[in-house]
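First up is the structure itself, then whatever we jot down about it.
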Amino acid sequence: MQAKKRYILVFVSCAFLAYCYFGGYRLKGSPKPAVRSPHALPTFLPLAGERSHAEHPPSAPSPNASAIGPLNSGGRDKSKSCRMETCFDYTKCFDQFLVYVYPLEPLNSLGAAPPISSNYQKILTAIRESRYYTADPSKACLFVLGIDTLDRDSLSEDYVRNVPSRLSRLPYWNNGRNHIIFNLYSGTWPDYNEHSLGFDPGEAILAKASMSHQQIRPGFDVSIPLFHKQFPLRAGNTGFVQSNNFPTNKKYLLAFKGKRYVHGIGSETRNSLFHLHNARDLVLVTTCRHGKSWRDLQDARCDEDNREYDRYDYETLLQNSTFCLVPRGRRLGSFRFLEALQAGCIPVLLSNAWVLPFESKIDWKQAAIWADERLLLQVPEIVRSISVSRILALRQQTQILWERYFGSIEKIVFTTFEIIRERLPDYPLRNSLIWNSSPGALLTLPTFSDSSRFMPFLLDRLDYSPRSNYTAVIYVQIGAPMTPNVALYKLVKTISKSQFVDRILVLWAADRPIPSKKRWPSTNHIPLHIMTSPLMNDERPSISQRFYPYDEIQTDAILSLDEDATLNTDELDFAYSVWRNFPDRIVGYPARAHFWDDSKNAWGYTSKWTNYYSIVLTGAAFYHRYYNYLYTHWLSLLLLKTVQQSSNCEDILMNLLVSHVTRKPPIKVTQRKGYKDREGGRSPWNDPDHFIQRQSCLNTFAAVFGYMPLLRSNVRLDPVLYKDPVSNLRKKYRQIELVGS
Amino acid sequence: MTAPGKPSAIKPSLKSRSEKHLNLLTYVLISVVIFGGVSFLWDFFGKSAGQDENFREKISLSLANIPQITLEEDAELARGRNPNCTFWDCLNVYRCGQREQDRITIYVYPIKEFADPEGNQAFTLTREYHEILQTIVDSPYYTPNPNEACIFVPSIDTLNQDLFDTNLVSKALASLNYWENGENHLIFNMIPGAHPNYNRVLDVNTDKALIAGGGFDSWTYRPSFDIALPVWSPALRDLKLSKEKSARKYLLISPQLNLYHPEHIRRLKDKTASQTSILVLDLCPAPTLSPNDKFFEEKDIRCSYPHGDEFEYPKVLERGTFCLIGRSVRLGQPHFLEALAFGCIPVVMIDNYVLPFEDIIDWSLASIRVREADAHSLLDRLHGVSETKIEELRKQGSWLYNKYFNSMETITLTTLELLNDRVFPHLAKNSLEWNVKETPHAAQNPLFLPFIAPKSQGFTAVILTYDRIESLFTLIQKLSAVPSLQKILVIWNNQKKPPPHPSMFPKISKPLKVIQTRANKLSNRFYPYDEIETEAILTIDDDIVMLTADELDFGYEVWREFPDRIVGFPSRTHVWDNSTNRWRYESEWTNQISMVLTGAAFHHKFWSYMYTNAMPGDIKDWVDDHMNCEDIAMNFLVANITNKPPIKVAPRKKFKCPECINTEMLSADANHMMERTACINRFAQIYGVMPLKSVEFRADPVLYKDNIPEKLKRFNDVGSLR
């Protein structure tokens with residue numbers, strides 16, 4: 001029937017198809033040759049024995065290859081290809097890293113004072129008042145010019161003339177070797193040439209803003225941020241981010257407000273921003289109004305742009321936007337970058353080939369987003385693709401970087417110096433983790449230890465915990481008559497009963513002679529070292545010696561004690577167990593507070609019982625050994641001098657230091673407030689002057705730090721069952737229960 | 001259905017329907033046959049006509065039938081390498097990311113042989129280069145379509161300059177179909193330069209091509225553009241490292257036979273005379289075995305200076321703490337990877353050598369760099385490295401090796417990933433992600449900004465409730481008296497009964513919002529509702545009505561100081577039970593706490609987001625199915641991410657209504673404890689570790705229990721236990 005035929009037809013064609021598919025390839029002919037296996041291919045690198053022959057053994061090196069410098073540098077200027085090994089003299093940089101600042105030039109023949117901008121003045125001040133500074137050029141590793149080189153735009157009012165001849169008069173110039181030149185602006189209209197400084201920097205290191213990948217000498221020059229004229233010398237404003245809201249829920253996603261140039265170099269990017277502007281979540285407004293003759297240069301869009309521009313306030317945008325566009329201006333860098341960073345507005349970079357500030361050390365991927373000027377229209381898509389949790393991380397990182405490296409001119413200069421210092425052969429490198437996390441490289445002295453394990457920071461990140469046990473350091477200043485019942489002996493006895501003590505150090509700073517070994521209480525195999533002030537040679541020893549990083553201290557934890565401290569063993573053990581949870585903070589008993597005294601317009605210091613505290617005195621407190629090192633080797637000499645002269649306030653200074661590093665308050669444990677044996681009588685603490693002095697110390701310190709680092713806490717930490725009406729037998733720290741306030 | 005009265009009418013219609021089906025089937029079959037036939041013929045003739053323009057299939061890297069291309073004497077050379085290239089002016093980004101993909105696409109040219117008219121081959125295809133090509137083709141980056149490609153990889157083997165003819169390769173490159181001045185072409189090279197100049201980059205005219213090269217110095221390397229490769233060592237192929245720690249007898253091994261500075265070699269050799277902790281490897285004076293011996297071919301034997309002890313290379317490196325990688329005529333040497341592989345810390349003494357993947361890898365975590373000028377103090381420096389640091393460097397080194405360098409495939413993939421990161425920088429991994437190993441206990445706290453949360457914001461109370469309206473209203477009343485409360489969110493988890501009418505709710509001065517959930521799930525209490533505008537969330541059960549305003553206010557103060565932790569009132573702990581070899585949940589009043597229950601606790605809104613979106617394993621579903629342990633799950637989550645314990649606030653320990661203690665509750669209690677114990681064990685198993693941490697402290701107001709007038713205390717209604 002019909003159907004049968006149809007089926008036959010179908011089956012026949014199926015069979016034909018199947019034949020074609022499975023057998024059809026034979027029709028194509030040519031049989032394949034045996035397939036070679038990729039494993040049988042030769043290796044690209046023969047065995048070492050042959051290799052060394054192939055490379056011509058070193059007995060006959062070619063002269064050209066022996067040069068450490070660049071090959072085929074040809075006609076290029078040698079200084080254009082500077083590296084530390086070729087253009088820097090290390091010989092003066094071995095033991096320490098000192099910086100010499102040339103004196104400002106004497107008045108010239110016409111009697112005019114050499115011009116110097118306020119920013120350059122601040123840079124020089126920061127250096128002169130720092131621990132890098134030396135007045136002796138023969139000891140200096142690095143030289144800083146007294147000539148203002150910040151603004152090298154010849155049309156600018158700060159432009160300094162005759163720099164080449166001034167340079168040639170410098171006694172140690174030596175074609176710029178070991179010199180550092182700070183610069184914010186180079187080149188001028190119309191091409192804004194990046195390397196046109198108006199003088200030849202020779203072999204000097206450039207610390208320069210707006211550097212490009214083409215021009216920077218890798219591992220030699222340092223890219224610094226552009227900062228404006230009112231930038232603070234030190235401390236300065238903190239970041240604007242005051243809360244960690246999640247999700248960020250800002251009004252705008254991306255914002256920019258600034259001028260555009262209409263014509264000329266770098267103008268295309270800003271001229272096309274209006275394409276992205278939607279007045280809802282993307283606000284990118286520009287104006288042509290700047291300079292005297294903007295009307296002559298304006299284009300068709302200017303009027304419309306100007307109208308839109310006036311609708312938005314820059315500060316408001318900054319505060320209310322998640323991302324801030326940082327497009328290039330005439331030069332690659334712009335003020336926007338630091339402004340956005342401070343505001344916690346995540347920078348979206350639109351400046352191709354710009355080397356970001358301190359890029360060799362700072363991982364900007366954790367704090368900024370890159371876009372490409374060539375792909376401008378993709379910017380909205382890019383910022384929309386960033387996840388909420390990544391925004392949270394980026395925003396926090398902007399604040400950390402701002403706070404640690406960019407908040408003031410002092411920080412920018414010191415960061416520059418530390419980057420150069422890490423290139424010196426004797427100075428250990430800090431790794432990227434240290435550079436890119438709080439408290440940052442400026443507060444992490446790599447000479448303390450080569451591993452973060454011995455530092456109070458990053459322990460969580462690296463899965464470390466502080467090493468066990470502590471060293472008790474008792475500072476003896478008064479030296480009460482050494483009766484067998486004296487508080488000091490009791491203290492030593494109490495400490496020796498603690499299960500975590502490693503050794504006891506007694507720093508004897510009293511005039512009274514040290515009692516003989518026999519009279520000290522037995523310490524049950526716990527080593528007891530009695531030391532007298534070993535370091536100071538000329539003057540009377542400073543009270544700061546109690547924080548000297550003695551070699552005898554081998555534990556991470558230090559228990560710092562005054563000689564007349566009265567604590568029981570449970571209190572020591574409990575405080576230590578708390579400290580292990582907060583190794584970066586001061587954990588202890590005597591709490592004090594600071595407050596702003598409006599009537600005196602100054603900081604006040606109080607030992608009254610308040611609902612909060614901001615200081616835990618080191619008369620009975622645990623802290624990390626690293627802070628001793630920081631106190632001795634990092635603090636400004638001005639601060640240490642204040643302490644030495646007053647023979648007081650060292651404990652306050654330590655609190656300021658630790659709070660400055662951690663940005664957290666100290667921790668008070670349990671109820672105890674009085675920690676002194678009051679029977680001793682002749683204590684400087686009873687002296688009213690002593691108290692006034694501490695108040696004035698606090699104000700001096702805050703002035704030198706540039707801000708008040710202390711932070712307040714409303715919380716004290718007690719044992720879990722503290723004063724609970726349960727059987728004492730259930731409690732671990734029973735002695736603490738007996739101590740009132 | 002058809003009515004039963006008319007059966008006859010059904011039959012014909014049935015028949016015609018089945019016939020229709022058959023017809024339809026036939027048409028389908030025929031059309032399949034026709035389509036099949038056409039497509040086959042298309043395929044057959046298309047292929048036999050020699051058209052390559054079918055870009056849908058992977059190219060074959062088979063070594064059979066490699067076409068031969070003859071390069072004429074006067075063939076055009078590619079233009080010389082452009083030394084000023086940067087990513088922004090030599091790479092054509094418009095080629096990348098075309099298909100809405102956030103990934104580069106890579107085209108690989110088919111393998112061809114190039115020769116000059118005399119038959120001299122332009123290059124030898126090596127196994128390693130074949131591996132590179134194979135890796136690319138098998139990778140997700142690969143595209144067979146050159147029109148869609150972002151990056152082009154020639155199948156011209158340029159790995160070792162000793163094995164190719166620079167002139168012919170330059171011609172071969174220029175002859176490539178899509179060369180276009182080398183734009184977006186990626187050239188792999190590990191051994192550049194030749195006698196006598198030994199250039200740091202291959203002497204081939206590569207124009208604008210990207211170079212992934214071994215042995216760059218900082219003058220030839222174009223930052224942001226080129227990629228620094230390691231020099232792979234064939235000796236590391238199929239390497240099996242012994243697991244046990246080998247005793248590292250030598251402080252320093254100098255493995256190179258080709259050190260460049262004669263004075264460095266002399267100094268090292270002099271030192272070996274006095275110090276046994278230095279091993280300088282040298283060629284063996286005469287082959288100890290005849291060259292025909294199989295053993296000789298398989299093993300590389302080197303001899304120590306001056307005694308001539310034989311060592312098997314590179315295995316000997318596992319006996320050294322540090323390995324000196326010094327300058328030889330070419331900067332990149334296979335010894336670097338060999339040292340890394342065998343846990344011997346590389347000491348790089350080559351000024352301005354660009355280390356492998358230097359852009360992304362922080363080598364200060366895994367190696368030591370010494371200036372050539374400081375060679376004299378090398379040993380002093382090494383002696384100064386602490387044991388801890390040595391351990392860290394070695395660990396990091398072997399981790400880096402296994403992650404980025406352990407085969408040609410891995411090296412290739414790392415190169416591609418790095419390139420991908422450059423093209424899509426907004427998706428790029430940061431240095432932490434590249435360099436820090438994730439370990440179970442290493443925490444990257446997502447709330448890492450050290451600050452005290454702002455007081456002004458206040459907190460949002462989230463009350464999970466089902467039907468206890470009376471106690472809910474009491475709780476709302478009490479909460480509204482807490483000064484730092486910003487808003488109350490009632491999560492109505494009852495689907496059977498609607499929440500009470502808004503007018504029934506107590507009148508309070510703070511905003512109150514009721515959210516009706518769609519399913520009765522415990523995880524609803526941790527959903528990051530848009531209505532929560534504060535950082536801090538107080539999760540509270542509808543029956544926790546005993547907390548005072550002072551306690552809650554103080555709790556919020558504590559949370560402000562520890563915003564990354566769970567801060568709350570009911571605490572529990574976990575203990576290891578030796579008898580059952582399992583964890584046990586403990587609600588007794590102990591000296592330690594490791595959990596704070598979310599029946600009354602503050603946490604950052606971020607943790608709600610994490611609970612909802614990033615809870616490991618099936619914990620979230622499990623909790624919802626079992627209607628229990630959501631609080632334990634939250635404690636595990638936060639402790640695991642931050643590596644920090646929660647904080648218990650104030651002494652209060654009893655939270656259930658005191659009047660309802662009876663025997664019935666007690667038996668329920670025992671059952672409850674068993675379930676909770678099971679949760680802890682289950683979660684610990686899912687995490688692979690026990691993330692909870694115990695602490696011995698709680699947080700009290702500064703003046704708690706102090707004997708001063710109550711009115712001076714900011715929080716005085718704190719301290720009762722029940």
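Scope of the values below: all heavy atoms of this structure, side chains included, with no hydrogens, waters or symmetry mates. Protein chains get the first letters and strands the later ones, always in sequence-line order, with residue 1 at the start of each.
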With a 3.5 Å distance limit and no angle check, can you tell me whether [X] reaches the backbone of [Y] through a side-chain donor-acceptor pair?
X	Y	value
Asn581(A)	Val695(B)	no
Asn611(A)	Arg714(B)	yes
Arg730(A)	Trp589(B)	yes
Arg374(A)	Trp88(B)	yes
Arg716(A)	Tyr704(B)	yes
Gln671(A)	Lys705(B)	yes
Asn160(B)	Leu45(A)	no

Find out whether [X] and [Y] are in side-chain contact, i.e. whether some heavy atom of one side chain is under 4.5 Å from a heavy atom of the other.
X	Y	value
Pro425(A)	Arg381(B)	yes
Trp609(A)	Val702(B)	no
Asn244(A)	Leu447(B)	yes
Thr126(B)	Leu41(A)	no
Ser432(A)	Leu432(B)	no
Phe697(B)	Tyr722(A)	no
Val720(A)	Ile593(B)	yes
Pro701(B)	Val715(A)	no

So what's closer than 4.5 Å to chain B heavy atoms on [X]: side chain, backbone, both or neither?
X	result
Asp718(A)	both
Glu403(A)	neither
Arg712(A)	backbone
Leu717(A)	both
Arg430(A)	backbone
Pro665(A)	side chain
Leu459(A)	neither
Leu392(A)	side chain
Val726(A)	side chain
Ser438(A)	side chain
Ser385(A)	side chain
Val388(A)	side chain
Lys664(A)	side chain

To the nearest 0.5 Å, how far apart are [atom1] in [X] and [atom2] in [Y]?
X	Y	atom1	atom2	value
Asn643(B)	Asp460(A)	CG	CG	5.0 Å
Met610(B)	Ser389(A)	CE	OG	7.0 Å
Leu365(B)	Ser452(A)	CG	OG	9.0 Å
Arg453(A)	Ser386(B)	CZ	OG	10.5 Å
Asn352(A)	Ser224(B)	CG	OG	10.0 Å
Leu433(A)	Asn435(B)	CG	CG	9.0 Å

What part of [X] lies closer than 4.5 angstrom to a heavy atom of chain A: side chain, backbone, both or neither?
X	answer
Phe424(B)	neither
Leu712(B)	backbone
Leu703(B)	both
Glu392(B)	side chain
Glu533(B)	backbone
Val436(B)	side chain
Thr86(B)	side chain
Val649(B)	neither
Arg369(B)	neither
Ser456(B)	neither
Lys644(B)	side chain
Asp700(B)	both
Phe562(B)	side chain
Ser571(B)	neither

Between Tyr609(B) and Phe246(A), does the ring centroid distance fall short of 6.0 Å?
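Yes, they do, as the ring centres are separated by less than 6.0 Å.
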For Phe448(B) versus Ala393(A), what's the shortest heavy-atom pair and its separation?
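Minimum heavy-atom separation between Phe448(B) and Ala393(A): CZ-O, 3.4 Å.
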Residues [X], [Y]: salt bridge by 4.0 Å N-O rule:
X	Y	result
Asp421(B)	Lys365(A)	no
Lys732(A)	Glu696(B)	yes
Arg698(B)	Asp724(A)	yes
Asp351(B)	Arg83(A)	no

Cationic tip of Arg663(A) above Phe451(B) ring, under 6.0 Å, 45° of axis
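That pair does not qualify as a cation-pi contact.
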Kindly write out the residues that satisfy side chain to side chain contact (heavy atoms under 4.5 Å, CB included) with Ala593(A), not counting sequence neighbours, or none if the list is empty.
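Testing Ala593(A) for side chain to side chain contact (heavy atoms under 4.5 Å, CB included), a comparison that skips the adjacent residues, returns Thr606(A), Thr610(A), Tyr612(A), Ser614(A).
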Verdict with reasoning, Gln457(B) to Asn245(A), per side chain to side chain donor-acceptor pair (under 3.5 Å):
CA-CA 10 Å; Gln457(B) 240 181 29; Asn245(A) 271 22; 2.6 Å; yes
Working note: Asn714(A) + Glu557(B), criterion side chain to side chain donor-acceptor pair (under 3.5 Å); need CA distance, chi angles, decisive distance, verdict.
CA-CA 7 Å; Asn714(A) 287 302; Glu557(B) 286 295 327; 2.8 Å; yes
